[in-house]
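Contents: one structure, followed by commentary.
Quick caveat: nothing in here was measured; it's all calculated off a predicted structure. Chain identifiers are assigned alphabetically (A, B, ...) following the order of the sequence lines, protein sequences preceding nucleic acid strands; residue numbering begins at 1 within each chain.
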Amino acid sequence: MPELPEVETVRRGLTATFVGGRILAAAAHRPNLRFPLPQSFAERLTGRRVLDLRRRAKYLLADLDSGETLVMHLGMSGSFRVEGEPVGEFHHPRGKPGTHDHVELAFEGGARVVYNDPRRFGFMDLIETQALERHPLFAALGVEPLGPDFHAAALASVLAGARTPLKAALLDQRRIAGLGNIYVCEALHGARLSPLRQAGGLKPAETRKLARAIVEVLQAAIEAGGSTLRDHRQTDGELGYFQHSFAVYDREGAGCGHPRCGGMIARTVQSGRSTFYCATCQR
DNA sequence: ATGTGTTCCTGTCCGC
DNA sequence: TGCGGACAGGAACACA
C-alpha cells in the first residue's frame with residue numbers, strides 16, 4: 001500500500017502520540033510479520049520514551065531513549081490507528097485482538113497505537129540508532145525525493161547509464177527512495193515521459209521535467225492525506241483522498257487529462273506490475 | 001553488473 | 001450464491 005506520501009501521512013498522524021511519549025506496555029500478537037520480530041521485542045519497548053519520529057523512504061523510525069530505533073515498514077497493507085484506552089491495558093471487546101491487529105503500544109496518558117496488517121508484508125525491527133545508516137536496510141537507499149539533495153542533477157546522476165525502463169528505475173529504491181507504483185505512474189504522466197523509455201537516455205530538459213513532476217505529485221499527495229485504494233487510513237481512521245486526483249493510475253480507458261492531448265489511458269505490465277500511461281503524449 | 005520473474009500473505013472483485 | 005482466477009500500494013530473492 002503505502003508509498004512515501006502515505007507513510008508521511010502516518011508519521012504526521014502518530015507524532016502527537018509518539019514524540020515525547022512513554023510506552024507503558026507493548027504487545028506482539030504473533031511472533032512474526034514478514035520477518036520474525038526481534039528478540040524480546042515487547043520488553044525492549046516497555047518503559048521507553050520516544051525521542052523523535054522520522055521517515056526515511058517508506059520507513060517510519062521511532063528513536064527511543066534506550067539508544068535503539070523502532071523501525072517500521074508498512075508493506076502493502078499495513079496501517080496504524082490511535083485509540084484512547086485505559087492506561088497500560090489492552091482491552092479487547094471479545095477478549096482478543098481484532099483481526100490482523102498484530103502489534104499494540106500503550107502510551108502514558110491513555111493512547112493506544114495498534115498496527116494492523118492483513119497481508120503481513122510489513123515488518124518491524126529494533127536497531128541501534130547510531131548504526132542505522134550502516135544497516136543493510138538503509139545503507140543502499142537512494143536519494144530522498146523531498147529532501148534537500150534532490151534536484152534534476154541528482155536525478156540525472158542516478159539514472160545515468162541505466163538501460164532499464166524508466167518505470168523500473170524509478171521503482172528502484174537504491175536510485176530514488178520512496179516512490180511506488182502509483183506515484184511513478186503519476187509522475188511520468190506529469191512529465192509526459194513514457195514509462196518504456198530507457199532510463200539513462202533522458203535529455204537534460206526531460207530530466208528536469210521529471211524531477212519537478214516527482215516533487216509535485218508527492219507534495220500534492222501528502223496534502224491530500226495520501227491515496228486510499230483499500231487499506232490506507234490516516235491514523236484517525238480518515239481515508240486519504242489523493243486517489244480522486246489520479247491522472248492515470250487505475251484509469252485504463254479514461255481520457256488523458258493533458259490539454260489538447262485527446263489520448264486514452266492504457267494499461268500494460270512491466271516487470272510484473274501494472275503501468276498506466278498515455279501512449280499519445282508520454283513519449 | 002543488470003535485468004526480469006517469483007514469492008511471501010490475505011482480501012476483493014469480476015465473470016461464469 | 002458459489003467458485004476460480006486475476007489482481008493489489010513492496011521488495012527480497014533466485015535466476016538468465
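- Looking at heavy-atom distances under 4.0 Å, A:F123 makes no contact with the nucleic acid at all.
- Using a cutoff of 4.0 Å between basic side-chain nitrogens and carboxylate oxygens, A:E8 and A:R11 are scored as salt-bridged.
- Of the P atoms belonging to C:dG5 and B:dT7, the separation is 16 Å, rounded to the nearest Å.
- The residue A:R34 sits close to a base: some heavy atom pair falls under 4.0 Å.
- Separation of the A:F246 and A:F276 ring centroids does not fall under the 6.0 Å cut-off.
- Using N1 to N3 plus N6-O4 or O6-N4 for Watson-Crick, or N1-O2 and O6-N3 for G-U wobble, each under 3.5 Å, C:dC13 pairs with B:dG5.
- For A:S271, the listed nucleotide lying nearest its side chain is B:dT4; candidates were C:dG10, B:dT4, B:dT10.
- Per the geometry, CG belonging to A:L4 stands 11 Å off P belonging to C:dA11, to the nearest Å.
- Checked against B:dT4, C:dA11, C:dG9, the side chain of A:K58 finds its nearest nucleotide in C:dA11.
- Atom pair A:L33:CG and B:dT10:C1' shows a separation of 14 Å (rounding to whole Å applied).
- Heavy atoms of A:P136 sit nowhere under 4.0 angstrom from any nucleic acid atom.
- For A:F121 and C:dA11, the ring-to-base geometry does not satisfy the stacking test (centroid distance below 5.5 Å, interplanar angle below 30°).
- Judged by distance alone, with hydrogens and angles left aside, the side-chain atoms of A:Q243 form no donor-acceptor pair with the main-chain N or O of A:L229 at under 3.5 Å.
- Whole-Å rounding puts the A:K167 NZ to B:dG3 P distance at 15 Å.
- Picking from C:dG10, B:dC9, B:dT4 the nucleotide with the shortest atom distance to the side chain of A:A168 gives B:dT4.
- Between the P atom of C:dG9 and the CD atom of A:Q243 lies a distance of 14 Å, rounded to the nearest Å.
- Proximity note for A:T164 (side chain, C-beta onward) versus C:dG9, C:dA12, B:dG3: the nearest is B:dG3.
- For C:dC3 and B:dC9, the P atoms lie 23 Å apart once the distance is rounded to whole Å.
- Residue A:S274 places at least one side-chain N or O closer than 4.0 Å to OP1 or OP2 of C:dA8.
- Nearest-nucleotide positions on DNA chain C place A:R119 closer to the 5' end than the other of A:L137 and A:R119.
- Listed nucleotides B:dT4, B:dC8, B:dG11 differ in distance to A:H100; the shortest reach to its side chain belongs to B:dG11.
- Ion pairing between a basic and an acidic side chain is recognised when a charged N comes within 4.0 Å of a carboxylate O; A:D101 and A:R81 show such pairing.
- Between the CG atom of A:L170 and the P atom of C:dG9 there is a distance of 16 Å, given to the nearest Å.
- Between A:I182 and A:D250 the shortest side-chain heavy-atom distance does not fall below 4.5 Å.
- The C1' atoms of C:dG9 and B:dG3 are separated by 23 Å, rounded to the nearest whole Å.
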Self-check item: Full working for ring pair (Phe, Tyr, Trp, His ring centres under 6.0 Å) between A:Y183 and A:Y249
Solution: CA-CA 8 Å; A:Y183 298 107; A:Y249 187 83; 8.6 Å; no
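- Counting to the nearest Å, the C1' atom of B:dT4 and the CD atom of A:Q198 are 16 Å from each other.
- Contact check, A:Q173 against C:dA11: a side-chain N or O comes under 4.0 Å of OP1 or OP2.
- As rounded to whole Å, 6 Å separates atom P of C:dA11 from atom OH of A:Y59.
- When heavy atoms are screened at a 4.0 angstrom cut-off, A:R175 is found touching the sugar-phosphate backbone but no base atom.
- One atom, CG of A:L141, and another, C1' of C:dA12, lie 14 Å apart when rounded to the nearest Å.
- Within the structure, a side-chain polar atom (N or O) of A:R273 is placed less than 4.0 Å from OP1 or OP2 of C:dG9.
- Residue contacts for A:Q270: at a heavy-atom cut-off of 4.0 Å it reaches no nucleic acid atom on any strand shown.
- Taking every side-chain heavy atom of A:H73 into account, C:dA11 is the closest of B:dC9, C:dG9, C:dA11.
- The aromatic rings of A:F123 and A:H73 lie parallel to each other, with less than 30° between the two planes, well short of the 60° mark.
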